[in-house]
Amino acid sequence: MVKTKISILMLLALSFLLMIVSGAFAAGTVKAIGNLISVEEDGTVVIEENGVEKGYLVSSSAEILDSKGRRTSVSIFPLPSRVSFEYKYTKKGFEITFLQEIVQ
C-alpha cells in the first residue's frame with residue numbers, strides 16, 4: 001500500500017515537472033530589461049543584462065518604441081540606453097520582437 005502511494009506521488013510529481021518544462025519551451029517569448037550598448041551594421045544589437053553582454057537579431061517586424069511610446073528606429077537610441085525588450089529563439093538565433101527605451 002505504501003509503495004503504491006509513493007509510486008502515485010512520484011508519477012504525479014514527474015507529470016507536473018513535465019508540464020512545467022513543456023510550458024516553458026512552448027511559451028517562446030522572453031521578457032527582459034537591460035542596457036543597449038551597441039547597434040551593429042548587420043542589424044544586430046548588443047544588450048547587457050546582469051553584467052553579461054549578449055547579441056540579438058532585430059526582427060524586421062519588431063515593434064521599436066522610444067521612451068514616449070512612439071515608433072522609431074533602434075539606430076536613433078542614444079548609447080547606452082536602458083531598454084525593455086522581448087525576444088524569442090528562432091533558427092537564426094535570439095531575435096527581438098519588441099524593444100522600448102526606458103526613461104532613466
Side-chain angles (χ1 to χ4, degrees):
M1 185 63 121
V2 173
K3 284 186 176 183
T4 306
K5 286 183 181 180
I6 291 174
S7 297
I8 291 172
L9 287 174
M10 287 181 65
L11 182 62
L12 287 173
L14 287 172
S15 298
F16 181 70
L17 286 173
L18 182 62
M19 183 179 67
I20 290 173
V21 170
S22 64
F25 288 117
T29 302
V30 178
K31 295 180 181 183
I33 294 177
N35 293 311
L36 175 67
I37 58 172
S38 177
V39 179
E40 306 297 324
E41 290 180 16
D42 64 357
T44 60
V45 295
V46 178
I47 298 177
E48 180 220 349
E49 297 176 76
N50 303 320
V52 178
E53 295 179 7
K54 190 172 182 181
Y56 297 89
L57 300 168
V58 179
S59 172
S60 59
S61 62
E63 183 176 8
I64 301 171
L65 305 174
D66 65 10
S67 59
K68 296 180 182 176
R70 297 179 298 214
R71 292 184 79 85
T72 188
S73 168
V74 72
S75 61
I76 303 288
F77 288 5
L79 297 176
S81 287
R82 188 86 171 142
V83 293
S84 169
F85 63 104
E86 295 177 9
Y87 66 93
K88 61 183 177 180
Y89 186 77
T90 65
K91 291 179 183 178
K92 299 176 189 175
F94 293 106
E95 191 168 338
I96 291 179
T97 57
F98 174 80
L99 181 73
Q100 183 171 15
E101 181 182 17
I102 298 173
V103 178
Q104 292 186 0

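In terms of heavy-atom proximity, Leu79 sits nearest to Leu36 at CD2-O, 3.6 Å. Glu49 and Gly34 make their closest contact through CG-CA, 4.4 Å (heavy atoms, listed as atom of the first residue, atom of the second, distance). Ser81 and Glu101 get closest at one heavy-atom pair: OG-OE2, 3.9 Å.
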- request: Verify side-chain contact (heavy atoms from CB on, under 4.5 Å) between Val83 and Val45, making sure each step is shown before the conclusion.
  value: CA-CA 12 Å; Val83 293; Val45 295; over 6 Å; no
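When hydrophobic side chains of Ile, Leu, Val, Met, Phe, Trp and Tyr are connected at separations under 4.5 Å, Ile37 ends up clustered with Val46. Val52 forms part of no hydrophobic cluster, judged by ILVMFWY side-chain heavy-atom separations under 4.5 Å. Other residues sharing a hydrophobic cluster with Ile102 under the 4.5 Å side-chain heavy-atom criterion for ILVMFWY residues are Ile33.
Scored by the side chain to side chain contact (heavy atoms under 4.5 Å, CB included) test, Asp42 finds Glu40, Thr44 as partners (sequence neighbours excluded). The side chain to side chain contact (heavy atoms under 4.5 Å, CB included) check on Ser73 picks up Ser75, Ile76, with sequence neighbours excluded. Among residues two or more places apart in sequence or in another chain, the side chain to side chain contact (heavy atoms under 4.5 Å, CB included) test is passed with Glu86 by Thr29, Lys31, Thr97, Phe98. Every residue two or more places apart in sequence or in another chain was checked for a ring pair (Phe, Tyr, Trp, His ring centres under 6.0 Å) with Phe77, and none qualifies. For Tyr89, the ring pair (Phe, Tyr, Trp, His ring centres under 6.0 Å) partners are Phe94, not counting sequence neighbours.
Screening residues 59-70 for side chain to side chain donor-acceptor pair (under 3.5 Å), with sequence neighbours left out, gives Ser59-Ser61, Ser59-Glu95, Asp66-Arg70. The ring-ring contact (aromatic ring centres under 6.0 Å, His included) pairs that include a residue from residues 35-55 number zero, where partners must be two or more places apart or lie in different chains.
Between Val74 and Leu99 the shortest side-chain heavy-atom distance falls below 4.5 Å. A 4.5 Å side-chain heavy-atom check between Leu57 and Ile96 finds every atom pair outside the cut-off.
Other residues, nucleotides and ligands place more than 12 heavy atoms under 6.0 Å from the NZ atom of Lys54.
Under the 4.5 Å side-chain contact rule for hydrophobic residues, Leu65 and Phe85 do not share a cluster.
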